[in-house]
Peer 1: 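Let me begin by handing over the structure; questions about it come next.
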Protein chains: 2
Amino acid sequence: MSGATKPRRSVNTAERILDAAERLVQVRGYNGFSYADVAAELQITTASLHYHYPGKAELGEALITRYAARFADALAAIDRDIPEARSKLDAYVDIYADVLARGRMCLCGILAAEYETLPTPMREAVTRFFDSNQAWLASVIAEGRTSGTLSFEPSAADAANMIISGLEGAMLIARTGPDLERLRTAARCLLASLTR
Amino acid sequence: MSGATKPRRSVNTAERILDAAERLVQVRGYNGFSYADVAAELQITTASLHYHYPGKAELGEALITRYAARFADALAAIDRDIPEARSKLDAYVDIYADVLARGRMCLCGILAAEYETLPTPMREAVTRFFDSNQAWLASVIAEGRTSGTLSFEPSAADAANMIISGLEGAMLIARTGPDLERLRTAARCLLASLTR
DNA sequence: GTCTATAGGCAGATAGAC
DNA sequence: GTCTATCTGCCTATAGAC
């Protein structure tokens, strides 16, 4: 029934809303952007926004869901394409560096700062993002230790915690100054500590 | 003339405003608190707030100024009381752990997330905070290397960058979950990488 | 110094026409 | 799906009395 070709009605608008809102949140934070900002950028009205996303909270949820899914895809691609653990970590760092190079903060990093002001569903999604990232990192690190390309004392989970903390913190601080290389510098030191 | 004893008129009120506002910003962020929040907590009116701090931007500046001064005092105390570099770093970590234990984020860390929405004077103050912290850390690390208690490859500046990034990031992420020990865990790994 | 009163703007959100 | 029109509430800020 219904459609031979896809019903591409509002799908594009909904996606474009996410694109604009995502950028705004990554630059200004959840409490630093408004429906009016998104509407102005897309040249539609705020009433139209409410058609696609009933409220700011739902838009925020959709933002994290898509971001986390893309992140998971990127990690799956790394697992698929890169065999060696240390190189996987380099690729992981590249994801962060790309975000920063576009003048943005990690979506979930900036939302972590605003955590106490977020509606519960958004909080839970942010927490899940960090949990799954740390789990992926820990498995890569454990794998590297087994194969002998990484060596160090702490547990893989602790090392993963250090890596993700260092990357998020370096992004955070890098945006307050002119030197975006701060992230790369931090990443080099962090990864070096795993290969001694 | 005028006073034998100190004219402690509004001084206490101005300080109490800073105390309340500081807590609010460290928990909810600069864009997540209002004059009304502070006024309610102190049981005064927002009009009174404007007498002490003409606008939110000036209040924000005063907040960073006091916070940075306290931080500088704490670092000076460490330099005065603790001779050994590695122990100085432990004391530095304790400062962060104390903030987190009170359910707060580093004031300048949370402001870094909101950087793009801040008035220029606040931005500059945040940037200065990180610059001076990193300079202090780098000097301690360099000192530890000279005296032989620390040993590692990267420059002292790069190691300082890694430490402050890791601590800020760990605070940020720790607040999204139940495990506040995440900061301590990250700190252990970070400092361990400087003593190999 | 602190208050009442109020201005003026922007926020998120809804009803209903097209 | 997108619009106009509108609501209600909160925000920062000011004037002026006490």
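Owing to the predicted nature of the structure, the values given are computational and were not obtained by experimental measurement. Residue numbering restarts at 1 for every chain, and letters A, B, ... go by the order of the sequence lines.
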Peer 1: What is the distance from CG of Leu42(B) to P of dC3(C), rounded to the nearest Å?
Peer 2: 10 Å

Peer 1: Could you check whether Arg175(B) pairs with Glu116(A) (Lys NZ or Arg NE/NH1/NH2 to Asp/Glu carboxylate O, under 4.0 Å)?
Peer 2: no

Peer 1: Just how far, in rounded Å, is C1' of dG1(C) from CD of Gln43(B)?
Peer 2: 17 Å

Peer 1: Keeping the roles fixed (side chain from Ser193(B), backbone from Leu190(B)), state whether a donor-acceptor pair exists under 3.5 Å.
Peer 2: yes

Peer 1: Protein within reach of the bases, or only the backbone? For nucleotides 4-18 of chain D, mark each nucleotide 5' to 3' as B, S or -, using heavy atoms under 4.0 Å.
Peer 2: B------SSBBB---

Peer 1: Please report the distance, rounded to the nearest Å, between CD in Glu15(B) and C1' in dG1(C).
Peer 2: 16 Å

Peer 1: Calculate the interatomic distance between Leu49(A) atom CG and dA13(C) atom P; express it in whole Å.
Peer 2: 11 Å

Peer 1: Quiz question: by atom type and distance under 3.5 Å, do the side chains of Thr117(A) and Asn31(A) form a donor-acceptor pair?
Peer 2: yes

Peer 1: Treating Glu61(A) as the side-chain partner and Met122(A) as the backbone partner, does any N or O pair qualify as donor plus acceptor under 3.5 Å?
Peer 2: no

Peer 1: Please report the distance, rounded to the nearest Å, between OH in Tyr51(A) and C1' in dA13(C).
Peer 2: 17 Å

Peer 1: I'd like to know if the side chain of Thr176(A) reaches the main chain of Thr127(B), judged simply by a donor and an acceptor atom lying under 3.5 Å from each other, with no hydrogens or angles considered.
Peer 2: no

Peer 1: Tyr53(A) OH to dT14(C) P: how many Å, rounded?
Peer 2: 17 Å

Peer 1: Do the rings of Phe129(A) and Tyr67(A) sit parallel, tilted or perpendicular, given the 30° and 60° boundaries?
Peer 2: tilted

